[in-house]
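This chain uses plain numbering: 1 for the first residue, then up along the sequence.
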Amino acid sequence: MQVEFSSKELFILKKIANAADELQLSCYLIGGFVRDKILSRPTKDADIMCIGDAIQLAHEVAENFNPKPSVSFFKTFGTAQVKLPDLELEFVGARKESYVQESRKPTIEPGTLEDDLNRRDFTINTITIDLSKNNFGNLIDRFNGLKDLSEKIIKTPSQPAQTFNDDPLRMMRAIRFATQLNFTIEAKTFNSICENAERIKIISQERITDELNKIMLASKPSAGWFLLQKTGLLKIVFPQLLALQGAEYIDGIGHKDNFTHTLQVLDNIAAHTNDLWLRWAALLHDIAKPATKRFETEHGWTFHGHEALGAKWVTKIFAKFKLPMNEKMRLVQKLVALHLRPISLTKENITDSAIRRLLFEAGEDVDALMMLCEADITTKNKYKAKRYLQNFELVRERMNAVEEKDKMRNWQPPITGDVIMETFGLTPGKNVGIIKDAIREAILDGDITNDYNVAYSLMLQKAAALNILPVKLKQTQ
Ligand code: ATP
Ligand code: MG
């Protein structure tokens, strides 16, 4: 098989070959770049392995470009990176790794091509293209990686038990590649993940989360979560998600399996957006269902308050996963908290104020919220699904009409905390909040119009009820 490179890529690869020749080193293209080229997937970085000093090679390569790109390197690992405008080159020296059971860190020594191929994770990542001047472009495939690529198989080059025991992160990587590429994990490799699942505990959360995020960004992320569940990894990396599994029955009445439902919602939203955070919101929208589950004789199974409790849990989950605790987390929180609200707006006789209130609370994320709600429809009954979608369409129309009229999306109440403090000579505190909330609520409920003077009067009334007088009045008394 011939791997197809663009003329730009060939230009770069020839320069690497020349540099390696200058230094009299053997040098190879390997890993994700080769794999993804063969699969015609987009690539952004290329792994170059050389028999010798990778840092020296990286510097030599950089010399050959004009303008000269910067080289960053890690002396302890013997790796270097050259950032070209269209491609990032990752240089690594061929290495031999030996692991001892007690230690997580392998002893690393310079190795041969064979040594280096042996320590790689999967056969599909061991396909190598020779960049040495004399053998330029020759494909080396010691572990039948090409066959596994065409048969869509994830398989370790050495004994899987050894591979996973040496570096348990590879178990997550197996599942991540299977999900990203829509491949199957070969039986022996799969069984070995099941047997070694516990070993994942020695891997740092950051590295696990990197793999989870890559699973989340795949076109069908549910595949990865199901594999995590089947291998026993899910129990260790995200037990709360596993707790959604199963349906309980009382008096012959069951509820849906919230694990499969959640994963269906995740796939549904993934079909509409590549936004990682909307996908996390889908995964977490029902996370507190097990904790709020009740069986009520008149109503059957209920999950009252799961949206509010779930939103609260988002903080803990993000902290545990070392996901960013910033506005992205707050977006996920908001979507989880509000995910039932548009459903309540599909009922009859909904007032403008209910619509206004949701527009205000969702703010600029209202479209994301509606996307989550539509993804949340997982009924197998086609007619029901169609009806629910139509109902949401009506909610959207109502929202558009109210937004047109009241401009609630980016609305702020006409009286700010500053105005309240200035008028009454108050410092920030409880009373300012009470007055501010009363004005906001009155406008959202439609009790007063969204007008400065009307709101100002209400402010005076509310303050008077709290025995608070305006500064001017106080002075004249
Ligand atoms: P992607 O860039 O899409 O994540 P990749 O295959 O390029 O995929 P990298 O993490 O960039 O993955 O690693 C480059 C190569 O290094 C891999 O293809 C694999 O051969 C090897 N490799 C990376 N991590 C490991 C690991 N934990 N164990 C063994 N080999 C690994
Ligand atoms: Mg890579």
Side-chain angles (χ1 to χ4, degrees), residues 275 277-278 281 305 307-312 314-315 318 324-342 344-345 350-372 395-396 398-477:
D275 187 306
W277 309 108
L278 298 194
E307 70 285 9
L309 187 62
K312 236 169 108 182
V314 167
T315 323
F318 267 55
M325 312 280 288
N326 58 14
E327 76 282 358
K328 299 302 181 193
M329 179 191 77
R330 285 187 286 281
L331 166 68
V332 173
Q333 226 163 7
K334 187 199 264 187
L335 295 176
V336 173
L338 297 179
H339 83 268
L340 296 179
R341 293 278 291 282
S344 68
L345 297 183
I350 296 299
T351 58
D352 273 7
S353 71
I355 304 265
R356 252 199 315 268
R357 188 169 279 282
L358 185 60
L359 280 171
F360 170 66
E361 287 181 41
E364 57 191 23
D365 302 313
V366 70
D367 292 329
L369 177 65
M370 293 310 289
M371 191 190 279
L372 174 60
V395 172
R396 277 182 199 265
R398 273 295 287 286
M399 281 176 159
N400 287 340
V402 173
E403 173 63 19
E404 183 85 352
K405 190 158 62 78
D406 299 344
K407 304 273 177 281
M408 293 310 290
R409 262 189 190 211
N410 295 308
W411 178 74
Q412 287 303 324
I415 301 284
T416 61
D418 284 347
V419 172
I420 300 169
M421 288 190 284
E422 222 169 275
T423 313
F424 303 104
L426 297 173
T427 47
K430 197 170 145 207
N431 285 335
V432 180
I434 294 175
I435 299 170
K436 211 174 124 186
D437 288 353
I439 296 167
R440 188 193 61 223
E441 293 301 294
I443 297 173
L444 286 173
D445 284 343
D447 294 341
I448 63 167
T449 49
N450 181 20
D451 172 273
Y452 184 88
N453 290 330
V454 181
Y456 195 88
S457 307
L458 181 68
M459 172 187 76
L460 294 176
Q461 268 177 42
K462 289 287 160 191
L466 293 165
N467 282 325
I468 300 171
L469 290 178
V471 178
K472 276 187 202 144
L473 266 182
K474 275 186 222 162
Q475 282 162 353
T476 54
Q477 264 181 354

Rounded to the nearest 0.5 Å, what's the gap from CE on Met399 to CE on Met370? Could you check? 5.0 Å

Rounded to the nearest 0.5 Å, how far apart are CG of Leu469 and CG of Asn467? 7.5 Å

For Met329 against Thr315, the heavy-atom pair lying closest together: SD-CA, 3.9 Å

When rounded to the nearest 0.5 angstrom, what is the spacing between CD1 in Ile434 and CD1 in Ile468? 7.5 Å

Do any N or O atoms from the side chain of Lys328 and from the backbone of Met325 form a donor-acceptor pair under 3.5 angstrom? no

Compare every heavy atom of Leu460 with every heavy atom of Pro470, then report the nearest pair and how far apart it is. CG-CD2, 3.9 Å

Testing the basics here: between Ala311 and Ala337, what is the closest heavy-atom pair and its distance to 0.1 Å? CB-CB, 3.7 Å

Among residues two or more places apart or on two chains, list those pairs meeting side-chain hydrogen bond (donor to acceptor under 3.5 Å, both in side chains) that have a residue in residues 427-444. Arg357-Glu441, Asp437-Arg440

side-chain contact (heavy atoms from CB on, under 4.5 Å) evaluation trace for Met408 with Ile355: CA-CA 10 Å; Met408 293 310 290; Ile355 304 265; over 6 Å; no

Aromatic ring pairing Phe318/Trp277, orientation class (parallel under 30°, perpendicular over 60°, tilted between): tilted

Identify the two heavy atoms, one from Thr351 and one from Arg398, that lie closest to each other, and give their separation to 0.1 Å. C-NH2, 3.5 Å

Output yes when a side-chain donor or acceptor of Asp451 lies under 3.5 Å from a complementary backbone atom of Asn453, and no otherwise. yes

Tell me the closest heavy-atom pair linking Pro414 and Ile443, and the distance in Å. CD-CD1, 3.5 Å

One pair to check against side-chain contact (heavy atoms from CB on, under 4.5 Å): Ile439 and Lys462. What are the steps and the verdict? CA-CA 9 Å; Ile439 296 167; Lys462 289 287 160 191; 5.7 Å; no

Kindly indicate, with the supporting measurements, whether the criterion side-chain contact (heavy atoms from CB on, under 4.5 Å) is fulfilled by Ile435 and Leu466. CA-CA 9 Å; Ile435 299 170; Leu466 293 165; 4.0 Å; yes

What's the spacing between Arg356 CZ and Leu358 CG if we round to 0.5 Å? 12.5 Å

Tell me if the NZ atom of Lys407 is crowded by more than 12 foreign heavy atoms within 6.0 Å. yes

Gap between atom CD1 of Ile448 and atom CG of Leu458 - 0.5 Å precision: 5.0 Å

Would you give the length of the straight line joining atom CG of Leu426 to atom CG of Asp418, rounded to the nearest 0.5 angstrom? 12.0 Å

Out of Leu278, Val366, Asp365, Leu335, which residue meets the side-chain contact (heavy atoms from CB on, under 4.5 Å) rule with Met371? Leu278

Of all the heavy-atom pairs spanning Leu444 and Ser353, show the shortest one and how long it is. O-CB, 3.0 Å

Using a cut-off of 6.0 Å, state whether more than 12 heavy atoms not belonging to Lys334 lie near its atom NZ. yes

Set of side chain to side chain contact (heavy atoms under 4.5 Å, CB included) partners for Arg330, sequence neighbours left out: Glu327, Gln333

Pairs touching residues 429-454 that satisfy ring pair (Phe, Tyr, Trp, His ring centres under 6.0 Å), sequence neighbours left out: Tyr452-Tyr456

